[in-house]
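Take a look at the structure set out below.
Indexing begins at 1, ligand by ligand and atom by atom, following the structure's order. In what follows, every heavy atom counts, from backbone to side chain, and hydrogens, waters and symmetry copies are set aside.
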Amino acid sequence: MLTKLSSKNKTVKIAPERPVVLIGEGINPTGRPRLARALAKGDMAYVQKLALEQAEAGADVLDVNVGSGGVDEVVALPAAVRAIGEVCDLPLCLDSRNPAALAAALAIYEGTALLNSINGEAAVMERLLPIAAEYGCVIIALCTDDEGIPSTASGRLLVAEKIINQAESAGIARENILVDCLAESAGATPAAGAICLEAVRLVRSELGCNMTLGASNISFGMPNRETINARFLAMAIAAGVNAPIVNAAQAKETAMIADLLMGNDELGIKYIRAERKKRRMS
Ligand code: THG
């Protein structure tokens, strides 16, 4: 199963036998008051700075979420897409459920964008699948629907199947769907990690899909989040996640080591090169 995303000049390929693709989570005003203020003022220079920092840290794709108080997404989302494209050529993941904002952003985006996030709610699928099909997007399918997030792995598989069936009817092929089995906060939901990982293994074996995961959600509300996130990311990659949404600077080392251990970095060439570079710079 090969999923391709692109910007004007770059193609990113996602497949189980390829290195992990990191989707940088940094352009998201949740928990980032400075970004929320910049977006409210229409200050896209700060958005550009966050894009460049993540590209430098090793992100392969950038998630773009501009949803915040006092922000009109119909204006801000295309403005952010344009501003990021001026400084950085990574493919983008548009993180909004506002159809008008998505259409405005996709109309100016050059390439195949990732659309984050469609779920199994009837109204969401009805509104967003036609837009995704019209612009030839790859979509993220979140395993939640009108009944909420299923508490079992098999329940999440059923939601993934439902979204895939509807997407295929709308003209979106299975290789253009990344399933997100949903990482919830381990502090708030008992066994959030175990259920999520079981769902990932099930979706990989039953549906063969490529998979994303907002892996940092797992540590919400806990101390020492960075350490929890890195350990959970390694577990998620082992289970089958191959395009996680993460803090790229924090996740890069884990992803490179996972590639080495999973046989997706032949002879450890990438790993050794990165370690040499680190040593030269220290
Ligand atoms: N699945 C999909 N998309 C998603 C999520 C998901 N998008 C949003 C989120 N979940 C993933 N992105 C983030 C972004 C930021 C944080 C966590 C997940 C985060 N931010 C810090 C905070 O809130 O305290 C602040 C930022 C920082 O200091 O780094 O933790 O599950 N498809």
Sequence neighbours excluded, the answer for side chain to side chain donor-acceptor pair (under 3.5 Å) partners of Gln48 is Glu86
Charged N-O contact under 4.0 Å between Arg201 and Glu198 = no
Please tabulate, for side-chain N and O atoms in residues 119-130, each donor-acceptor pair with protein atoms closer than 3.5 Å (sequence neighbours left out).
unit_1, atom_1, unit_2, atom_2, d
Asn119, OD1, Glu121, N, 2.9
Asn119, ND2, Glu121, OE2, 3.2

Check each protein residue for a heavy atom under 4.0 Å from ligand 1 and list those that pass, ordered by chain and number.
-> Glu25, Asn28, Thr30, Gly31, Arg32, Asp95, Asn116, Ile140, Leu142, Asp180, Gly214, Ser216, Asn217, Phe220, Arg225, Ile245
Going by atom type alone, with no hydrogens or angles, which donor-acceptor pairs under 3.5 Å involve a side-chain atom of residues 166-173 and a protein atom two or more places apart or on another chain?
unit_1, atom_1, unit_2, atom_2, d
Ser169, OG, Asn165, O, 3.0

Salt-bridge criterion met for Glu53 and Lys49 (N-O under 4.0 Å) = yes
May I ask you to check whether Asn116 and Asp63 show a side-chain donor-acceptor distance below 3.5 Å?
-> yes
